[in-house]
Amino acid sequence: MSILVVGSVAFDSIRTPDAEHADLLGGSATHFSVAASFFSPVRLVAVVGEDFGEDQLAPFRERGVDLDGLQRVPGRTFRWSGEYGANPDEARTLDTQLNVFADFRPALPAGWDATPVLFLANIDPELQDSVLDQMSAPRITALDTMNFWIAQKPEQLKRTLARVQILLINEGEIRQLTGAHGIVEAAQRTRALGPQVVVIKRGEHGALVVDDDGFFAVPAFPAVRVVDPTGAGDSFAGGFLGYLASRAPDGRPDYRRAAVLGSVMASFQVEAFSLERVRRLQPGEITGRFEAFRRLTRFGEPDFLDALQQRAATR
Ligand code: AMP
């Protein structure tokens, strides 16, 4: 199945404890679409300004992302600058310039309303809502957001949330959204707002899926050197939804496997700035890391009951 994504395409300026780079290709829809493209066809709806050149389109084209929904308008492209301290899970926003996003009205090219999978990447929840209005009957709908929008437009965000099946969100942000301290309670309060599947991204601690089946925890891959955490969340979403979209439309969605593939894609994303690692990935690297995740979390059957009982009998 194809995936339609609406979100930001951006120039990012990023400072980590080891390096600093300006005007990197970034944005929520950018990281998402490149990661998801390894699994399923992707259609991008976004806006860029006159400062966005052919060079910046190369990674999308290489990955076969359909750009018919990418508007180019007068003005400057969205810009975000952020910084990471010792804790790579905490991005500090230094500056957000909406630029061409301030007047962006997403418009779907003809026929795109029937796209079966919809991902509303991190963007103004009002715009996310307007894309939902334009869709005919998507089978899978998912949304991501961030502290900026939870603080700026909480009521609009809740209205939009009520219309989607899956929410992907950071641990700190779900606390901010719900006011709950424990993440289990935060997930339950969020499910009461609408989405039946809540995926809580916990940075270097992995992710937690909460759905009708209960809880599923997936670790982050421990063996990578984190060069730049930017885009990890969107790449996670790309692996997660890319996998779901690649499966038979009528099958039962396997959110667990999807979360592992989300972690796989996020683990590659953080190994380099911008798209430098992910755009060059080979399919075998993805399956190889999936296997590594299996080894990481496999711990066998409880074959020690007899020993426990013997011990109990001898005391
Ligand atoms: P993440 O995957 O959570 O690290 O998201 C990183 C991307 O989000 C960056 O490449 C930014 O360009 C983008 N971003 C940051 N702030 C915003 C915002 N307020 N709205 C939309 N996108 C944003």
Side-chain angles (χ1 to χ4, degrees), residues 5-16 21-36 44-49 52 56 59 76-84 87-102 104 106 119-128 131 142-153 156-157 160 167-174 176 199-204 207 220 226-241 262-263 265-279:
V5 55
V6 59
S8 58
V9 172
F11 286 120
D12 288 346
S13 295
I14 293 161
R15 202 184 298 156
T16 70
H21 290 282
D23 297 340
L24 295 168
L25 177 56
S28 55
T30 302
H31 292 295
F32 174 87
S33 47
V34 171
L44 174 71
V45 174
V47 64
V48 292
F52 201 87
Q56 280 92 25
R76 276 160 63 83
T77 299
F78 174 78
R79 279 178 154 73
W80 177 74
S81 67
E83 157 178 80
Y84 301 88
N87 179 358
D89 295 342
E90 279 171 21
R92 198 161 76 84
T93 294
L94 301 173
D95 190 27
T96 300
Q97 296 175 17
L98 291 179
N99 297 333
V100 293
F101 259 114
F104 177 48
F119 182 55
L120 303 165
N122 176 25
I123 193 181
D124 184 336
E126 214 171 310
L127 300 183
Q128 293 176 321
V131 172
L143 178 149
D144 189 6
T145 192
M146 73 181 290
N147 48 13
F148 186 84
W149 302 115
I150 299 169
Q152 303 277 321
K153 301 199 172 180
Q156 172 64 59
L157 179 60
T160 312
L167 172 68
L168 298 117
I169 189 165
N170 286 346
E171 188 173 358
E173 289 160 357
I174 199 169
Q176 183 188 359
V199 183
I200 304 169
K201 297 169 288 175
R202 311 179 73 195
E204 63 179 348
V226 179
V227 172
D228 174 16
T230 310
D234 304 306
S235 306
F236 181 101
F240 186 91
L241 279 175
S263 279
M265 297 311 285
S267 74
F268 287 119
Q269 174 57 38
V270 302
E271 288 180 354
F273 280 90
S274 189
L275 296 166
E276 287 318 303
R277 178 71 172 109
V278 172
R279 72 190 280 198

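Keep in mind it's a predicted model, so treat the numbers as computed, not measured. All ligand and atom numbering here is 1-based and tracks the order in the structure. Scope of the values below: all heavy atoms of this structure, side chains included, with no hydrogens, waters or symmetry mates. Count residues from 1 along the sequence.
Ranking the protein heavy atoms by distance from atom 7 (C) of ligand 1 puts D234 OD2, 3.7 Å first. Closest to atom 17 (C) of ligand 1 among all protein heavy atoms lies M146 SD, 3.4 Å. When hydrogens are left out, the protein atom nearest atom 21 (C) of ligand 1 is N122 O, 3.1 Å; that is the closest non-hydrogen contact. Counting only heavy atoms of the protein, atom 12 (O) of ligand 1 lies nearest to D12 OD1, 2.7 Å. Nearest to atom 4 (O) of ligand 1 among the protein's heavy atoms is G231 N, 2.8 Å. Protein heavy atom closest to atom 8 (O) of ligand 1, with residue, atom name and distance, is S28 N, 4.1 Å.
Ring geometry for F32 against F119 counts as parallel: the plane angle stays under 30°, on a 0 to 90° scale with 60° as the upper cut.
Interatomic distance, CD of Q269 versus CG of L275, reported as 6.5 Å (0.5 Å rounding). Taken from CG in L25 to OG1 in T77, the straight-line distance is 10.0 Å, to the nearest 0.5 Å. N170 contributes atom CG, which lies 5.0 Å from atom NZ of K201 (distance to the nearest 0.5 angstrom).
Numbered from 1 in the order shown, with element, the atoms of ligand 1 that lie under 4.0 Å from a heavy atom of H31 read 10 (O). Of all atoms in ligand 1, numbered sequentially from 1 with element shown, those under 4.0 Å from a heavy atom of G233 are 2 (O). Taking every non-hydrogen atom of G26 and a distance limit under 4.0 Å, the qualifying atoms of ligand 1 come out as 10 (O). Close approach of ligand 1 to A10 is summarised as follows: ligand atoms under 4.0 Å from at least one heavy atom of the residue are 12 (O). Those atoms of ligand 1 with a heavy atom of G27 less than 4.0 angstrom away are 9 (C), 10 (O), 12 (O). In summary, the atoms of ligand 1 found under 4.0 Å from a heavy atom of T230, numbered by their order in the structure, are 4 (O), 6 (C), 9 (C), 10 (O). Each of the atoms 13 (C), 21 (C), 22 (N), 23 (C) of ligand 1 lies under 4.0 Å from some heavy atom of S8.
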For this session: Could you check I169 against T145 for side chain to side chain contact (heavy atoms under 4.5 Å, CB included), going step by step and ending with a plain yes or no?
Result: CA-CA 6 Å; I169 189 165; T145 192; 4.2 Å; yes
Exercise. Should K153 and D124 be marked as a salt bridge (Lys or Arg N to Asp or Glu O under 4.0 Å) after you check the CA-CA gap, both sets of side-chain angles, and the distance that decides it?
Worked result: CA-CA 8 Å; K153 301 199 172 180; D124 184 336; 2.8 Å; yes
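Between F101 and the choices T96, V47, V9, the side-chain contact (heavy atoms from CB on, under 4.5 Å) rule is met once, by V47.
Heavy atoms of W149 come nearer than 4.0 angstrom to ligand 1 in at least one pair. Put simply, part of F78 is less than 4.0 Å from ligand 1, judged by heavy atoms.
No side-chain donor-acceptor contact under 3.5 Å links E271 and S267.
For A232, every heavy-atom contact with ligand 1 shorter than 4.0 Å involves the backbone, none the side chain.
Across D234 and D144, no two heavy atoms sit closer than the pair OD1-OD2, 3.5 Å.
The 12-atom threshold is not exceeded at CD of E90, counting heavy atoms of other residues, nucleotides or ligands nearer than 6.0 Å.
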